[in-house]
There are 2 protein chains.
Amino acid sequence: MTTRERPTLEAVARRAGVSRATVSRVVNGSTTVAASIREAVTRAVDELGYVPNQAARSLVTRQTDSIALILPETANRVFSDDLFFPAIIRGVGSELEAADKQLVLMMAGSAAGYARVERYAVAGHVDGVMFASIHGADPLPGLLARRGIPVICSGRPMIADPPVPYVDVDHAGGVAAAIRHLITSGRRRIATIAGPQDMVAGLERLTGYHDTLRAAGLPELVVTGDFTRDSGITAMRDLLDRDPDLDAVFAASDLMAHGALQALRNAGRRVPEDVAVIGFDDFEVSRYSDPPLTTVRQPIGEAGRTMAREMLRLISGDPGVPPAIILPTELIVRASA
Amino acid sequence: MTTRERPTLEAVARRAGVSRATVSRVVNGSTTVAASIREAVTRAVDELGYVPNQAARSLVTRQTDSIALILPETANRVFSDDLFFPAIIRGVGSELEAADKQLVLMMAGSAAGYARVERYAVAGHVDGVMFASIHGADPLPGLLARRGIPVICSGRPMIADPPVPYVDVDHAGGVAAAIRHLITSGRRRIATIAGPQDMVAGLERLTGYHDTLRAAGLPELVVTGDFTRDSGITAMRDLLDRDPDLDAVFAASDLMAHGALQALRNAGRRVPEDVAVIGFDDFEVSRYSDPPLTTVRQPIGEAGRTMAREMLRLISGDPGVPPAIILPTELIVRASA
DNA sequence: TTGTAGGCGTTATCAC
DNA sequence: GTGATAACGCCTACAA
């Protein structure tokens with residue numbers, strides 16, 4: 001291993017026969033440097049393979065050019081077959097890449113991990129912190145914001161102690177469209193597999209279900225899952241027990257909808273003839289399910305990009321960052337309903 | 001936003017009525033501090049909400065306590081439905097979390113992204129760099145190693161200019177087991193959908209196929225894909241064109257195997273009656289395919305954990321890091337073959 | 001056991 | 001346009 005000693009500004013300056021200050025100017029692209037000197041410095045930089053020391057630099061600039069994305073989940077959960085996180089990471093990543101900022105991904109499922117994340121952010125490792133999904137009344141976003149760290153959330157945070165700007169999608173609107181579609185096509189016993197009620201996404205999708213059915217004067221039937229496929233299977237069985245005559249089910253996630261499809265098949269129900277099924281997400285796989293899944297598309301990648309864009313504005317000191325941005329959802333009709 | 005001024009060591013020292021050095025000792029857990037003073041300092045730290053400035057700290061310690069994992073792919077690819085990356089990230093993450101190191105994920109699909117990664121690592125942003133998968137003769141691992149940065153790869157690198165330690169799985173052995181299983185069950189016209197030939201994983205799996213069939217004196221039929229489901233569909237159609245009587249196919253990834261299953265179904269072939277199918281990976285979804293997929297299980301998560309463990313040893317200066325670690329693979333027999 | 005002082009590699013503010 | 005020089009916040013001999 002050729003452990004070449006790392007050259008410093010000083011070394012470059014000596015080699016180019018100028019002062020440290022001048023080298024610094026060249027490295028940082030200042031325009032007030034004579035062409036000949038600039039060239040000499042550039043050559044010295046190349047010859048020595050000089051790269052500025054990030055620690056020293058950010059000690060004085062108070063900038064790191066990297067931004068954290070917190071996934072308040074265990075790695076197991078983040079990279080399960082739930083494609084929510086990949087989609088949002090992809091969106092955030094593409095936007096930050098364009099801005100030449102480094103994305104630092106942090107999974108914080110445990111309490112210890114969470115504490116580490118806090119320390120990491122407060123220690124100034126990153127210029128700003130984005131949250132990918134929030135459970136319950138998470139105090140961390142507010143805590144960091146109070147520390148003066150730029151913060152932005154994907155999904156409306158449940159507490160807004162210092163209000164933190166957020167990006168979310170129109171959960172209730174999408175669900176309403178789904179339920180109305182079911183009603184229009186003649187369904188009358190419409191059940192739902194709700195998402196976890198400690199997350200805003202879970203709550204608001206259930207609200208959409210509730211409000212739309214009540215407006216139509218139709219009965220409600222609710223069982224709660226946790227967005228996973230397995231919970232969808234269990235919930236669907238439960239629903240069939242409670243009302244063997246149900247003719248439709250709205251699942252608050254595509255994965256739960258897939259679980260429901262499986263449970264219905266095992267119970268001898270045909271989809272959509274006996275029971276119509278609608279999901280929420282519109283993941284790629286939902287085009288290939290049997291039957292292809294009717295679902296509410298939410299623009300997760302776009303939410304990620306938007307969040308990153310607003311974060312960049314926040315960091316640049318732009319005062320015009322809106323407190324909330326709500327992206328539209330859309331019903332995608334396929335064969336299952 | 002309550003932009004509280006960030007307290008420094010100096011502020012804590014004043015408040016506790018001691019010197020900066022003493023505060024530093026307490027913060028860093030030195031044992032040579034009187035209990036009473038330690039307590040006073042700790043109180044001051046808590047009251048002020050002091051957290052050490054990472055830049056200042058690493059400027060002197062030359063340590064950042066964070067480690068990069070490079071995914072030499074675009075975000076689109078990393079978070080496609082290919083579950084390789086999630087699995088390795090999960091493995092690495094769990095191991096680093098236990099060591100209280102921060103994992104910095106970097107996706108570098110473009111040339112620009114790649115340059116950024118290099119700068120980032122050389123600038124001393126991280127204590128070491130792990131590579132999650134390598135395309136062709138990638139010079140970056142060697143380049144960083146030559147700079148004195150601890151480097152380790154998942155998957156054998158094709159160039160070993162300065163030899164970089166790596167963790168890999170027994171590709172050829174796993175494939176051999178799969179092919180022998182097919183032969184034992186009477187298959188004689190065994191085709192393969194190979195992986196990309198610019199990656200060692202693609203190459204070695206094809207070698208395993210080649211060697212085993214040749215040893216058995218059976219004919220070979222090769223079409224190349226790129227590990228994705230779609231490429232599996234295309235490749236399977238191609239294979240059926242070339243040899244309508246083939247009775248088995250080994251796909252170098254589970255996704256390609258799933259594509260093959262679909263193409264075979266569309267072509268009216270029954271699996272496994274007409275054509276046996278074996279994949280490579282053993283992703284979760286392969287238990288649920290129709291029929292459930294026989295496949296070669298590779299311990300991706302374990303590879304990630306191992307890589308992280310070796311990286312920690314490398315960083316700690318342990319001279320005993322082995323140049324290579326090869327993990328075993330295992331044939332998982334289900335219904336498709 | 002505690003304090004003093006020097007230095008880590010940059011950037012930025014001044015003079016020149 | 002260029003060069004000293006003082007921070008930036010922390011760690012760590014070394015001295016007391």
Side-chain angles (χ1 to χ4, degrees), chain A residues 4-42 44-45 48-66 119-127 147-148, chain B residues 4-42 44-45 48-65 119-120 122-127 147-148:
Chain A
R4 212 194 308 192
E5 195 62 19
R6 233 175 86 189
T8 71
L9 212 53
E10 174 68 35
V12 177
R14 253 200 317 270
R15 178 158 195 129
V18 297
S19 73
R20 286 187 335 230
T22 298
V23 177
S24 178
R25 289 190 190 100
V26 172
V27 168
N28 293 296
S30 160
T31 52
T32 71
V33 177
S36 64
I37 293 202
R38 149 169 294 115
E39 199 188 333
V41 170
T42 306
V45 164
L48 264 44
Y50 169 77
V51 175
N53 177 311
Q54 184 56 50
R57 173 177 271 178
S58 65
L59 179 56
V60 42
T61 61
R62 301 162 167 292
Q63 280 251 328
T64 64
D65 289 330
S66 47
R119 252 189 303 131
Y120 191 82
V122 175
H125 245 305
V126 290
D127 297 338
R147 286 261 191 181
Chain B
R4 211 195 307 191
E5 196 63 19
R6 233 175 85 191
T8 71
L9 212 53
E10 173 70 35
V12 177
R14 255 200 316 268
R15 178 161 194 126
V18 298
S19 73
R20 284 182 343 224
T22 298
V23 177
S24 177
R25 290 192 189 98
V26 172
V27 168
N28 293 298
S30 162
T31 51
T32 71
V33 177
S36 65
I37 294 203
R38 149 169 294 115
E39 198 187 332
V41 170
T42 307
V45 164
L48 264 43
Y50 170 77
V51 175
N53 177 311
Q54 182 56 221
R57 172 176 274 178
S58 66
L59 180 56
V60 40
T61 61
R62 300 168 167 290
Q63 280 251 332
T64 64
D65 290 330
R119 251 190 303 132
Y120 191 81
V122 174
H125 244 304
V126 291
D127 296 339
R147 285 262 190 182

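Proteins get letters first, then strands, A, B, ... in listed order; numbering begins at 1 in each. Heavy atoms only: backbone and side chains are in, while hydrogens, waters and symmetry mates are out.
Each end of the helix from dT1(C)-dA16(D) to dC16(C)-dG1(D) gets its own axis, taken as the rotation carrying the C1' atoms of four end pairs onto the next four within a five-pair window, and the two axes meet at 40° to the nearest 10 degrees.
If you measure from atom CZ of Arg57(A) to atom P of dT10(C), you get 8 Å, rounded to the nearest angstrom. Computed from coordinates, the Arg6(A) CZ to dT10(C) C1' distance equals 12 Å when rounded to whole Å. Regarding Leu59(B), its CG atom lies at a distance of 9 Å from the C1' atom of dG7(C), rounded to whole Å. The separation between Asn53(B) atom CG and dA7(D) atom P is 18 Å, rounded to whole Å. Atom CD in Gln54(A) sits roughly 16 Å away from atom P in dG9(D) (whole-Å rounding).
Residues forming a side-chain hydrogen bond (donor to acceptor under 3.5 Å, both in side chains) with Ser30(A) (at least two apart in sequence, or on another chain): Thr32(A). Annotation: side-chain hydrogen bond (donor to acceptor under 3.5 Å, both in side chains) contacts of Asn53(A) (sequence neighbours excluded): none. Taking the side chain to side chain contact (heavy atoms under 4.5 Å, CB included) definition, one finds that Glu39(A) meets it with Arg43(A), sequence neighbours left out. The ring-ring contact (aromatic ring centres under 6.0 Å, His included) check on Tyr50(A) picks up nothing, with sequence neighbours excluded. For Arg62(A), there are no side chain to side chain contact (heavy atoms under 4.5 Å, CB included) partners at least two apart in sequence or on another chain. Take Val122(A) and apply the side chain to side chain contact (heavy atoms under 4.5 Å, CB included) test, not counting sequence neighbours, and it matches Glu118(A), Leu144(A), Arg147(A), Ile149(A), Val51(B).
Pairs of residues two or more places apart, or lying in two chains, never qualify as salt bridge (charged side-chain N to carboxylate O under 4.0 Å, His left out) while including a residue from residues 49-58 of chain A.
At a non-hydrogen distance threshold of 4.0 Å, Val18(A), Ser19(A), Arg20(A) from residues 8-20 of chain A come into contact with DNA chain D. Taking a 4.0 Å limit (strictly below) on heavy-atom distances, residues 30-39 of chain B reaches DNA chain C at Thr32(B), Val33(B), Ala34(B), Ile37(B).
Between Gly124(B) and Thr64(B), the closest heavy-atom pair is O-CG2, 3.2 Å. When all heavy atoms are compared, the tightest approach of Ala40(B) to Ala16(B) is O-CB, 4.1 Å. Ala44(A) and Arg15(A) make their closest contact through CB-CG, 3.9 Å (heavy atoms, listed as atom of the first residue, atom of the second, distance).
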Show me the donor-acceptor pairs within less than 3.5 Å that the side chains of residues 20-27 of chain A make with the rest of the protein, sequence neighbours left out.
from	atom 1	to	atom 2	distance (Å)
Thr22(A)	OG1	Ser19(A)	OG	3.4
Ser24(A)	OG	Asn28(A)	ND2	3.4

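Counting only heavy atoms from C-beta on, Arg62(B) has its side chain closest to dC8(C) among dC10(D), dC8(C), dC11(D).
In this structure, CZ on Arg14(A) lies 9.5 Å from CG on Leu48(A), to the nearest 0.5 angstrom. Separating the CD atom in Gln54(B) from the CD atom in Gln54(A) is a distance of 11.5 Å, to the nearest 0.5 Å.
A sub-4.0 Å separation between OP1 or OP2 of dT11(C) and a side-chain N or O of Thr61(A) is absent.
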With 3.5 Å as the limit, what N/O pairs link the protein to nucleotides 13-16 of chain C?
none

